Asks: 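Before I ask anything, let me first share the structure, which is written out below as structure tokens.
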Amino acid sequence: MSTATYQLKNLNRRSVLNYIRKNKSVTKTALSAVTGLTFMAIKKIFSELENLELIRTDVLEAGGVGRKAVTYTINEHYGYTVGVHINIYRTSAAVLNLHGEILASIDLDMAGLPESQNQFISKLILMIHQIIAEAGVDIRKIIGIGVGAPGPVNAVEGIILMPPNLQLLQYLPIKQIIEERLNLPVFLQKDANAIALGEYWHSSGRDSSDLIYIDIDMGIGSGLVIGGKLHEGAAGAAGEFGHMTLDVDGPLCSCGNYGCLEAMSSGLALLRDFRDALAGQPGHPLADRRDMLNIQDLLEAAARNDVLALQLINTAACRTGAAVRNLINMLDPHLIILGGLLITGYPRYFEIVRDAARSRKIKGAQEHCILKTEQNLKAGLVGAGEIAADHFFEEVVLRGSGT
Ligand SMILES: [Zn+2]
């Protein structure tokens, strides 16, 4: 078979699998209309997937006497993934089926615990064993472990590099260590990429092939899904939205540059500015606790209509909105989803960012859809599982080449 024929077969198989994964339950007619493939081509691919027991059929009564609709879905029990989502507050792990449904999950509070990388890994391995047992799944049916961790990361080598707000994990070769301990394939991505995948496969992103997830938390990051695939960039560093320069003479950023969005509008920047401003307002009710304040104190002050907190949040959110507009102008995505502590912890922040981004629209350009993350989705955890699922399905596509 020629290289071009291999590539075409892979392309067809990939489109079919992606469509079934994304839409959960599909008919051959819908699949043919969307992919442009003939019924014969679809039948051949389906027969391969059915032989692998990777898809199953459901026969539904579709109204009218005797009329039945046959729909196809991924066999969610073909195998399972483990998703691990690490952030500065907690590390969560879950067992998921191939529909991205969480079967069992567990959280580890990162405050106080653990004290060393060894302790962290031991605890994580224990957690993974515990949830696999709780889900009632045979470990041999786990197809892979996906890890989403604070960036930057080296996704190829599976090493967490220098997360500025989680120094405990600096240069942790998490892929190699967990693979050796559990004898399962491990795939690492920065957390915003994992969340973007979770949103893409399972939430508001379901109908979009291009999606940008923007995380506005103590730091600011983003994950890009372009043409249905995670966009990692040439060196795996794509999506460093927080380090877009907003003011060349602005404050020093943790990355070494000046005036990055993260240095001016993140949770850490807001907290820094709040504390600085309180130094000049000795009569303010929070002035005495200035050095002990955390981001929650700032958000609560804003919710009480504290003028200083509101001013700072408004300025930060307007700047973030302008940066979001830069990104929209550059990539023209179907959908932008905002999440992270500042978005979920203070509803007005989302509205200001969205409105500021819209107000800077290029004259005559179409309006873009900007949504808030669905809080109950657990996109980071579900997306971490999808990192492993993506690798698995790509392997299925390539494995079929010789048939
Ligand atoms: Zn920076």
Side-chain angles (χ1 to χ4, degrees), residues 86-89 148-156 159-172 188-196 212-224 226 230-277 294-295 298 312-331 333 336-343 345-346 349-350 352-353 356-357 360 380:
I86 303 169
N87 68 24
I88 57 173
Y89 316 108
V153 304
N154 178 335
V156 177
I159 302 170
I160 296 172
L161 297 176
M162 292 184 67
N165 306 318
L166 199 57
Q167 290 176 0
L168 172 76
L169 302 187
Q170 277 191 6
Y171 298 110
L172 176 65
L188 173 69
Q189 284 290 343
K190 64 172 179 167
D191 48 3
N193 281 359
I195 301 173
I212 298 176
Y213 171 75
I214 299 176
D215 202 57
I216 307 171
D217 206 285
M218 296 312 277
I220 295 180
S222 75
L224 316 175
I226 298 176
L230 193 61
H231 179 74
E232 297 180 65
E240 288 293 356
F241 178 59
H243 302 290
M244 173 185 283
T245 305
L246 275 198
D247 177 357
V248 289
D249 299 316
L252 180 65
C253 180
S254 63
C255 73
N257 285 324
Y258 291 87
C260 297
L261 173 65
E262 179 164 303
M264 299 180 70
S265 297
S266 64
L268 279 177
L270 268 172
L271 199 53
R272 174 202 63 208
D273 291 348
F274 194 41
R275 285 174 176 158
D276 287 352
N294 60 34
I295 193 69
L298 173 60
L312 290 173
I313 285 180
N314 192 56
T315 306
C318 282
R319 284 182 187 140
T320 306
V324 168
R325 170 50 63 185
N326 289 342
L327 209 51
I328 292 174
N329 290 347
M330 186 68 74
L331 294 171
I336 298 100
I337 298 181
L338 307 183
L341 182 66
L342 296 187
I343 296 295
Y346 183 68
Y349 196 100
F350 167 75
I352 302 168
V353 173
R360 290 171 177 271

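Order of listing sets the numbers, starting from 1, for every ligand and every atom in it. This one's a predicted model, so the numbers in the text were calculated from it and none came from an experiment. As a basis for the values below, the full set of heavy atoms in this structure was taken, side chains included, without hydrogen atoms, waters or symmetry mates.
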Asks: Rounded at 0.5 Å granularity, tell me how far CG in Asp215 sits from CD1 in Ile220.
Replies: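 So the gap between those two atoms works out to 9.0 Å.
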Asks: Could you count the protein N, O or S atoms found under 2.8 Å away from the Zn ion (ligand 1)?
Replies: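 Excluding waters, the total comes to 4.
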Asks: Can you tell me how far CG of Leu268 sits from CD1 of Ile295, rounded to the nearest 0.5 angstrom?
Replies: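 These two atoms lie 8.0 Å from each other.
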Asks: Taking the side chain from Asp191 and the backbone from Gly148, do they hold a donor-acceptor pair closer than 3.5 Å?
Replies: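 Side chain of Asp191 to backbone of Gly148, a donor-acceptor pair under 3.5 Å: no, none is there.
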Asks: Would you give the length of the straight line joining atom CD1 of Ile216 to atom OG of Ser222, rounded to the nearest 0.5 angstrom?
Replies: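 One finds 10.5 Å between CD1 of Ile216 and OG of Ser222.
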Asks: Under 3.5 Å, which donor-acceptor pairs link side chains of residues 312-327 to any protein atom two or more places apart or in another chain?
Replies:
unit_1, atom_1, unit_2, atom_2, d
Thr315, OG1, Gln311, O, 2.9
Arg319, NH1, Met264, O, 3.0
Thr320, OG1, Ala316, O, 2.8
Thr320, OG1, Tyr349, OH, 3.3
Arg325, NE, Ala357, O, 2.8
Arg325, NH1, Asn329, OD1, 3.4
Arg325, NH2, Ala357, O, 3.1

Asks: Rounded to the nearest 0.5 Å, what's the gap from CG on Leu188 to CD1 on Ile86? Could you check?
Replies: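 Answer for the CG-CD1 pair, Leu188 versus Ile86, is 7.5 Å.
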